Structures are given as C-alpha cells and as structure tokens.
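Working notes, structure below.
Keep in mind the model is a prediction, meaning the values are calculated, not measured.
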Amino acid sequence: MNPNNEQSIDVYALVTNRIIELLESGTIPWQQPLREAGLPRNLLSKRPYRGINVFLLNSLQYDQNLFLTWKQIKTIGGSVLKGEKGHLVIFTKMVETDEMTKSNKPKLKPFLRYYKVFNISQCKDIPVELIPKEGELLAPALAFDLVVENMPNRPPVVNKEKEAYYQPKGDFINMPKIKSFKSIELYYGVLFHEMIHSTGHESRLNRKEVTGKIVFGSESYSLEELTAEMGACFLKSHCGMNIDDLSNNAAYIQNWLEQLRNEKRFIIQAAARAQKAVEYILNEKVEEQLTDIKEDVYIDPQEVEMVEE
C-alpha cells in the first residue's frame, strides 16, 4: 500500500461513485460521443486509455482528450494551472507473492493501482509542437458493414423473427430486416449490441454471463447487458455514428443506478469486458496495457496504492 496513505483507498467505490454522480445529473457516460475530442490518450506516449478509464476521462468533456501525469508535465517544462485537480486513472499489475505454484514459481496476485492525470487545458507551457493539430485526433470512420464483415469467427446473422437477439446455443444473431428500422444507423446500432453479446460465446471470449445459465434480471444478466451497451457505443464511435440520447429516460438511468449501488465493482467489470469484446470484433491485437484493469479479479482495499506515473 502507498506508505503516504494512512488509510486504504477504495478505488472501486471512487470510480462507482463518480459514475453514479454522472447518472444522477442525467449524463450517461457510455452514451457520450468519443469522436470530436478523440479517444482519451496520453499526450506523450500516444497510448489510448482503456476500459472504465475511457468513460471516466471522456465524461469530463474536454475539447481534446489528451492527458499527462504530473511527472510528464514537469519533464516537458510545463506546469498545472492554479486550482486545477487531477483525474483518476486505474490499472492492475500482477505482483509475486511468497506462495509457490506447482511448477515452483511464485504465485501472482493482482495489485490495484491508480494515479492522477491532467488534461492539457489544465496546464500551461506545454510545447506547441506536442499538441496535435485540429482534426488529427479523429480516427478514420469505419464503414458499418466492414465492422460486421471483418469480425473474426462471426456468427451468422439471420432474419427469422421480427426481434433482435443473440442465441448462444445456436450461435447466431437474429435481426429484423433493415427496412423495419427508421434509419440504417439504428439498424447497425442494434446489430452491434448483439455482436458484443456474441463475443461471449465459448468459441470466442467465453464469458460466463453468456455461456452459463441466463436468468432475466439477475446480476450476471445485467452485467452482460451493460457490457453490450458499452461495447456497442464503442463501435458506434469507431464508425462516427451518433450515440443515442437517453438522457431523458428516467427509468433507464434508475435501473443502472440501482445496479451500481448494489455492487461497486459492476461498472469496472462491464467496461473491461466491453473493451475486450470490441477489440475482438475489430480484430485488434492489443498488448496488455497498464491502464487496463482485469475484470474478473477481486482486489482487497489493502492491495491498493497510488503511484507516480
């Protein structure tokens, strides 16, 4: 644990409380468009943030989603404007324990770490040449149909019924005909949602919320639904598609507020699953990043520390 902290910090609670705060104000973090400000990333390393960090940083609504740590700011000769506060970023790191495995190697356990970053607008004296020119933050929009066609091991998309769903047992996606939707964007938005579900199949990412017994309204069901919603929003942003505005849907917001209040790890787990599902669909070979929290681990609050990145 960070020797500078006398008490342990519950990072799960910090993150969840921030998301709850946004929902209570009518802002749905995973429904906020990513394209205008760009995907949140570090200014110097160019590395994009992942998982829940994307939603936390994007919800701040800066004009440019470019961030730096305090140490980086000092390294390039900049400084933080008076009164500005840093923003939380989390990640996990596997550390060796005193226990040994059967192969006589030290057992590893996850250690939750966090640090603070500042948006470039919170700083001064940042070298101009480091800041991208207008328009450089926007990733090229992907064609809707190419996202579908290029998904590895994609399940068949059929039109058996006038209802959208993914069937794990048969491993297929059922979609109403495209003409039954008000727009092509709505059609692909729904299809993306079902495609995220399909990544949970045992032949793909093997999520227990998809491969196991599905009970409507259960915690695992809700976790998988939020995973699909978040993942679909990621894909929509990749395509330059407008994100659905559900800010006035009180019942929708209340549903997720209830879930988050009951389980503080819920939002972090869903975001991590959504990130992996999107990377699978886009066939992105992504190395494990320090800014990516493992979604299936429980980390005791005592196994938390703040680091200087």
Side-chain contact, heavy-atom cut-off 4.5 Å: [X] with [Y]?
X	Y	answer
Glu263	Tyr12	no
Lys116	Val89	no
Tyr188	Leu191	yes
Phe67	Tyr49	yes

Decide whether [X] and [Y] are clustered together by the hydrophobic rule: side chain heavy atoms of Ile, Leu, Val, Met, Phe, Trp, Tyr closer than 4.5 Å, transitively.
X	Y	answer
Phe144	Leu146	no
Leu14	Leu260	yes
Leu257	Leu223	yes
Val190	Ile184	yes
Val158	Val148	no

Approximate separation, where rounding is to 0.5 Å, of [X] [atom1] and [Y] [atom2]:
X	Y	atom1	atom2	result
Thr227	His193	OG1	NE2	9.5 Å
Gln269	Arg207	CD	CZ	12.5 Å
Ser237	Leu235	OG	CG	9.0 Å
Asn65	Asn58	CG	CG	5.0 Å
Gln167	Ile173	CD	CD1	11.5 Å
His238	Glu284	NE2	CD	5.5 Å

Less than 3.5 Å apart, any donor N or O on the side chain of [X] or [Y] sitting next to an acceptor on the other?
X	Y	answer
Asp171	Ser203	no
Arg273	Thr199	no
Gln72	Asn42	yes
Gln275	Glu279	yes

Problem set entry | Stepwise side-chain contact (heavy atoms from CB on, under 4.5 Å) check, Leu57 with Val117 | CA-CA 9 Å; Leu57 296 178; Val117 294; 4.0 Å; yes

With no hydrogens and no angle check, is any side-chain donor or acceptor of [X] less than 3.5 Å from a backbone partner on [Y]?
X	Y	result
Ser222	Ser218	yes
Asn119	Gln64	yes
Asn255	Ala251	no
Asn159	Met175	yes
Asn174	Lys160	yes

Exercise. Just wondering, are more than 12 heavy atoms of other shown residues or ligands nearer than 6.0 Å to NZ in Lys105?
Worked result: no

Looking only at heavy atoms, what is the nearest atom pair of [X] and [Y], with distance?
X	Y	answer
Lys182	Leu186	CB-CD1, 3.7 Å
Ile267	Leu226	CD1-CD2, 3.9 Å
Glu149	Arg154	CA-NE, 4.2 Å
Lys162	Pro176	C-CG, 3.8 Å
Pro106	Thr97	CB-O, 3.8 Å
Ile214	Glu209	CG1-O, 3.9 Å

Problem set entry | Selection residues 154-178 - residue pairs positive for ring-ring contact (aromatic ring centres under 6.0 Å, His included), sequence neighbours left out | none

Exercise. Is the closest basic N to carboxylate O distance between Arg261 and Glu24 below 4.0 Å?
Worked result: yes

Exercise. With a 6.0 Å cut-off on ring centres, are Tyr62 and His87 close enough?
Worked result: yes

Exercise. Can you list the steps and then say if Trp70 with Val80 is a side-chain contact (heavy atoms from CB on, under 4.5 Å)?
Worked result: CA-CA 8 Å; Trp70 179 272; Val80 176; 3.5 Å; yes

Exercise. Of Asp63, Ile73, Leu130, Leu66, which meets side-chain contact (heavy atoms from CB on, under 4.5 Å) against Ile120?
Worked result: Leu66

Seminar exercise, completed: Per ring-ring contact (aromatic ring centres under 6.0 Å, His included), Phe234 is matched among Phe192, Phe55, Tyr280, Trp30 by Phe55

For this session: Could you walk me through whether Ile90 and Ile268 pass side-chain contact (heavy atoms from CB on, under 4.5 Å), step by step?
Result: CA-CA 10 Å; Ile90 64 174; Ile268 294 176; 3.9 Å; yes

